[in-house]
Amino acid sequence: AEAAMYDAIEENTDAKIYEPKTYEMRSSFLEDMTIDEIKDLFDKAFDNDEIFMVYQPRFDANMTLTGFEAFVRWDCPGHGTVDTRDFLFYAEKTGHIYQLGELSLRQAFETLNLINGINPQLTITVNLSTTQLHTPDIQIDLLEVAQNAGCNLKNIIIDVPSDGVSINVSEIQNTLD
(Lines give C-alpha, C1' and ligand atoms only; values in the text may rest on other atoms or scores of the structure.)
Protein backbone atom coordinates (compact mmCIF):
# COMPACT_ATOMS: atom_id res chain seq x y z
CA ALA A 1 0.00 0.00 0.00
CA GLU A 2 2.78 2.38 0.89
CA ALA A 3 4.71 1.63 -2.30
CA ALA A 4 1.56 2.24 -4.35
CA MET A 5 1.10 5.58 -2.58
CA TYR A 6 4.65 6.63 -3.52
CA ASP A 7 4.08 5.49 -7.11
CA ALA A 8 0.83 7.51 -7.28
CA ILE A 9 2.61 10.62 -5.99
CA GLU A 10 5.43 10.15 -8.52
CA GLU A 11 2.92 9.76 -11.35
CA ASN A 12 0.65 12.55 -10.03
CA THR A 13 -2.43 10.30 -9.95
CA ASP A 14 -5.10 9.81 -7.30
CA ALA A 15 -4.67 6.04 -7.03
CA LYS A 16 -2.27 3.33 -8.03
CA ILE A 17 -2.19 -0.45 -7.69
CA TYR A 18 1.29 -1.52 -6.73
CA GLU A 19 2.76 -4.27 -8.85
CA PRO A 20 6.17 -5.35 -7.54
CA LYS A 21 8.79 -5.73 -10.25
CA THR A 22 12.27 -6.77 -9.23
CA TYR A 23 13.81 -4.87 -12.14
CA GLU A 24 12.46 -1.64 -10.62
CA MET A 25 14.51 -2.07 -7.44
CA ARG A 26 16.27 1.10 -6.47
CA SER A 27 19.97 1.08 -5.73
CA SER A 28 20.44 -0.20 -2.22
CA PHE A 29 23.44 -1.08 -0.06
CA LEU A 30 21.74 -4.48 0.35
CA GLU A 31 22.42 -5.27 -3.32
CA ASP A 32 26.15 -5.41 -2.58
CA MET A 33 25.75 -7.97 0.21
CA THR A 34 25.51 -11.75 0.16
CA ILE A 35 22.32 -13.42 1.36
CA ASP A 36 24.16 -14.59 4.50
CA GLU A 37 25.29 -11.02 5.23
CA ILE A 38 21.73 -9.76 4.76
CA LYS A 39 20.41 -12.51 7.06
CA ASP A 40 22.91 -11.45 9.74
CA LEU A 41 21.93 -7.81 9.26
CA PHE A 42 18.24 -8.69 9.72
CA ASP A 43 19.03 -10.75 12.83
CA LYS A 44 20.90 -7.79 14.33
CA ALA A 45 18.06 -5.44 13.34
CA PHE A 46 15.54 -7.56 15.25
CA ASP A 47 17.86 -7.99 18.24
CA ASN A 48 18.59 -4.24 18.44
CA ASP A 49 15.01 -2.99 17.88
CA GLU A 50 15.97 -1.24 14.64
CA ILE A 51 12.68 -2.32 13.05
CA PHE A 52 9.62 -0.44 14.26
CA MET A 53 6.17 0.76 13.25
CA VAL A 54 4.91 4.19 12.24
CA TYR A 55 1.24 5.09 11.89
CA GLN A 56 -0.54 7.19 9.29
CA PRO A 57 -3.94 8.60 10.28
CA ARG A 58 -6.95 7.70 8.14
CA PHE A 59 -9.88 10.07 7.70
CA ASP A 60 -13.33 9.74 6.18
CA ALA A 61 -14.79 12.19 3.63
CA ASN A 62 -15.79 14.56 6.47
CA MET A 63 -12.18 14.62 7.75
CA THR A 64 -13.14 12.64 10.84
CA LEU A 65 -10.37 10.41 12.13
CA THR A 66 -11.37 6.77 11.55
CA GLY A 67 -8.14 4.99 12.41
CA PHE A 68 -4.56 4.46 11.41
CA GLU A 69 -2.56 2.45 8.90
CA ALA A 70 0.54 0.72 10.23
CA PHE A 71 3.80 0.80 8.27
CA VAL A 72 7.05 -0.94 9.14
CA ARG A 73 10.37 0.94 9.15
CA TRP A 74 14.00 -0.10 9.48
CA ASP A 75 16.57 2.36 10.79
CA CYS A 76 19.86 0.62 10.00
CA PRO A 77 22.96 2.01 11.75
CA GLY A 78 25.42 3.34 9.21
CA HIS A 79 22.80 3.35 6.45
CA GLY A 80 19.86 5.29 7.87
CA THR A 81 16.26 4.47 7.06
CA VAL A 82 16.17 1.62 4.56
CA ASP A 83 13.63 2.02 1.75
CA THR A 84 10.67 -0.14 2.74
CA ARG A 85 10.34 -1.66 -0.72
CA ASP A 86 13.97 -2.77 -0.59
CA PHE A 87 13.98 -4.34 2.83
CA LEU A 88 10.64 -6.10 2.27
CA PHE A 89 12.08 -7.59 -0.92
CA TYR A 90 15.09 -8.93 1.00
CA ALA A 91 12.97 -10.04 3.96
CA GLU A 92 11.08 -12.24 1.49
CA LYS A 93 14.34 -13.59 0.00
CA THR A 94 15.91 -14.41 3.38
CA GLY A 95 12.80 -15.82 5.06
CA HIS A 96 12.68 -12.97 7.59
CA ILE A 97 9.25 -11.95 6.29
CA TYR A 98 7.60 -14.19 8.90
CA GLN A 99 9.49 -12.63 11.81
CA LEU A 100 8.89 -9.19 10.33
CA GLY A 101 5.18 -9.93 9.96
CA GLU A 102 4.86 -11.18 13.54
CA LEU A 103 6.68 -8.12 14.89
CA SER A 104 4.58 -5.76 12.76
CA LEU A 105 1.28 -7.35 13.77
CA ARG A 106 2.21 -7.50 17.45
CA GLN A 107 3.28 -3.85 17.59
CA ALA A 108 0.32 -2.64 15.53
CA PHE A 109 -2.21 -4.58 17.62
CA GLU A 110 -0.64 -3.40 20.90
CA THR A 111 -0.90 0.17 19.59
CA LEU A 112 -4.53 -0.42 18.59
CA ASN A 113 -5.30 -1.59 22.11
CA LEU A 114 -3.84 1.66 23.51
CA ILE A 115 -5.70 3.78 20.93
CA ASN A 116 -8.97 1.99 21.64
CA GLY A 117 -8.55 2.88 25.32
CA ILE A 118 -9.04 6.47 24.20
CA ASN A 119 -11.47 5.89 21.33
CA PRO A 120 -12.93 2.37 20.94
CA GLN A 121 -14.18 3.13 17.41
CA LEU A 122 -10.78 3.69 15.79
CA THR A 123 -9.33 1.00 13.55
CA ILE A 124 -5.89 -0.13 12.48
CA THR A 125 -5.03 -1.28 8.98
CA VAL A 126 -2.19 -3.76 8.65
CA ASN A 127 -0.63 -5.07 5.46
CA LEU A 128 0.01 -8.76 4.88
CA SER A 129 2.43 -10.04 2.27
CA THR A 130 1.48 -12.72 -0.22
CA THR A 131 3.93 -15.02 1.56
CA GLN A 132 2.12 -14.48 4.87
CA LEU A 133 -1.24 -15.21 3.24
CA HIS A 134 0.04 -18.60 2.15
CA THR A 135 1.15 -19.55 5.66
CA PRO A 136 -1.16 -22.40 6.74
CA ASP A 137 -1.76 -21.01 10.24
CA ILE A 138 -2.06 -17.31 9.39
CA GLN A 139 -5.61 -17.03 10.73
CA ILE A 140 -4.57 -18.67 14.00
CA ASP A 141 -1.52 -16.42 14.23
CA LEU A 142 -3.60 -13.28 13.57
CA LEU A 143 -6.18 -14.26 16.17
CA GLU A 144 -3.54 -15.14 18.75
CA VAL A 145 -1.59 -11.90 18.31
CA ALA A 146 -4.81 -9.85 18.44
CA GLN A 147 -6.04 -11.64 21.57
CA ASN A 148 -2.65 -11.30 23.30
CA ALA A 149 -2.72 -7.57 22.58
CA GLY A 150 -6.29 -7.27 23.87
CA CYS A 151 -7.69 -6.04 20.54
CA ASN A 152 -11.26 -5.94 19.41
CA LEU A 153 -11.16 -7.88 16.14
CA LYS A 154 -13.77 -5.60 14.52
CA ASN A 155 -11.22 -2.77 14.69
CA ILE A 156 -8.61 -4.60 12.59
CA ILE A 157 -8.51 -4.10 8.82
CA ILE A 158 -6.29 -6.44 6.81
CA ASP A 159 -4.87 -5.00 3.60
CA VAL A 160 -4.18 -7.80 1.12
CA PRO A 161 -1.80 -7.22 -1.80
CA SER A 162 -3.36 -7.42 -5.24
CA ASP A 163 -0.88 -10.10 -6.33
CA GLY A 164 -1.94 -12.23 -3.36
CA VAL A 165 -5.58 -12.12 -4.36
CA SER A 166 -4.91 -13.06 -7.94
CA ILE A 167 -2.86 -16.13 -7.05
CA ASN A 168 -5.63 -18.21 -5.49
CA VAL A 169 -8.73 -16.37 -4.35
CA SER A 170 -10.46 -19.37 -2.74
CA GLU A 171 -7.37 -20.34 -0.71
CA ILE A 172 -6.88 -16.80 0.54
CA GLN A 173 -10.59 -16.36 1.30
CA ASN A 174 -10.50 -19.54 3.42
CA THR A 175 -7.47 -18.16 5.24
CA LEU A 176 -9.14 -14.81 5.92
CA ASP A 177 -12.44 -16.43 6.99
Side-chain angles (χ1 to χ4, degrees), residues 1-11 13-20 45-46 49-75 81-85 87-89 91-92 96-177:
E2 182 179 12
M5 176 187 69
Y6 286 127
D7 289 346
I9 291 169
E10 271 182 27
E11 296 175 17
T13 62
D14 292 333
K16 178 80 175 169
I17 294 176
Y18 177 67
E19 298 176 19
F46 285 110
D49 296 323
E50 297 167 14
I51 297 175
F52 57 95
M53 302 303 292
V54 295
Y55 303 94
Q56 177 176 311
R58 296 178 62 119
F59 299 92
D60 64 16
N62 297 320
M63 295 306 295
T64 301
L65 180 67
T66 60
F68 298 87
E69 184 159 5
F71 295 107
V72 66
R73 294 287 184 267
W74 179 12
D75 189 18
T81 303
V82 181
D83 188 292
T84 306
R85 295 170 286 189
F87 84 77
L88 290 176
F89 174 80
E92 291 266 359
H96 283 85
I97 195 69
Y98 302 105
Q99 187 176 2
L100 183 64
E102 190 280 328
L103 173 85
S104 300
L105 292 173
R106 183 176 40 79
Q107 287 187 5
F109 292 171
E110 288 172 357
T111 300
L112 175 63
N113 188 38
L114 293 172
I115 291 168
N116 285 162
I118 299 166
N119 183 338
Q121 302 304 313
L122 295 178
T123 62
I124 194 119
T125 301
V126 294
N127 299 284
L128 293 182
S129 73
T130 302
T131 302
Q132 289 172 291
L133 288 172
H134 290 287
T135 304
D137 294 331
I138 186 66
Q139 69 270 28
I140 295 167
D141 295 342
L142 283 168
L143 183 60
E144 184 178 305
V145 173
Q147 287 176 336
N148 287 343
C151 288
N152 184 338
L153 295 176
K154 74 175 182 70
N155 292 353
I156 298 172
I157 300 169
I158 306 292
D159 192 2
V160 179
S162 61
D163 64 326
V165 174
S166 65
I167 291 173
N168 187 335
V169 173
S170 61
E171 179 182 316
I172 293 169
Q173 186 60 50
N174 289 338
T175 297
L176 294 175
D177 288 341

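Keep in mind the model is a prediction, meaning the values are calculated, not measured. Each residue takes its place number in the sequence, starting with 1.
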Check your understanding: When you look at L88 and S129, which way does the side-chain contact (heavy atoms from CB on, under 4.5 Å) test go after all the steps?
Key -> CA-CA 9 Å; L88 290 176; S129 73; over 6 Å; no
Check your understanding: Got a donor-acceptor contact below 3.5 angstrom from the D60 side chain to the N62 backbone?
Key -> yes
Check your understanding: Hey, mind stepping through L103 and F46 against side-chain contact (heavy atoms from CB on, under 4.5 Å) and telling me if it holds?
Key -> CA-CA 9 Å; L103 173 85; F46 285 110; 4.0 Å; yes
Practice item. Return the set of residues passing side chain to side chain donor-acceptor pair (under 3.5 Å) with N155 (not counting sequence neighbours), or none when no residue passes. Key: N116
Practice item. Please report the C-alpha distance between T125 and Q56 in whole Å, then the side-chain angles of each, then the deciding distance to 0.1 Å, and finally whether the side-chain contact (heavy atoms from CB on, under 4.5 Å) criterion is met. Key: CA-CA 10 Å; T125 301; Q56 177 176 311; over 6 Å; no
Study note, to complete from the structure: Taken to the nearest 0.5 Å, the spacing of L142 CG from L153 CG works out to 9.5 Å
**Study point:** Value rounded to 0.5 Å, distance of CD in Q139 from CD in E144
**Key:** 12.0 Å
Exercise for review: Report yes if the side chains of I124 and Y55 come closer than 4.5 Å at any heavy-atom pair, otherwise no.
Suggested key: yes
Practice item. Give the minimum heavy-atom separation between L122 and F68, together with the two atoms involved. Key: CD1-CE1, 4.1 Å
Review point. Taking it one step at a time, do F109 and V126 satisfy side-chain contact (heavy atoms from CB on, under 4.5 Å)?
Key: CA-CA 9 Å; F109 292 171; V126 294; 4.0 Å; yes
Check your understanding: When rounded to the nearest 0.5 angstrom, what distance separates NZ in K154 from OG1 in T123?
Key -> 9.5 Å
Practice item. State the OG1-CE distance between T111 and M53, to the nearest 0.5 angstrom. Key: 8.0 Å
**Study point:** Over all atoms of both residues, closest heavy-atom pair of R58 and L65
**Key:** O-CD1, 3.4 Å
Check your understanding: Between I156 and A146, what is the shortest heavy-atom contact and its length?
Key -> CD1-CB, 3.8 Å
Point to revise | Contacts of type salt bridge (Lys or Arg N to Asp or Glu O under 4.0 Å), residue E110, not counting sequence neighbours | key: none
Point to revise | Parallel, tilted or perpendicular: rings of W74 and F87 (30°, 60°) | key: perpendicular
Practice item. Mind checking the CD-CG spacing from E92 to L100? Nearest 0.5 Å is all I need. Key: 9.5 Å
**Study point:** Test item: D159 and E69 side chains (from C-beta on) under 4.5 Å apart, heavy atoms
**Key:** yes
Study note, to complete from the structure: Output for pair (L112 CG, L105 CG), nearest 0.5 Å, gives 11.5 Å
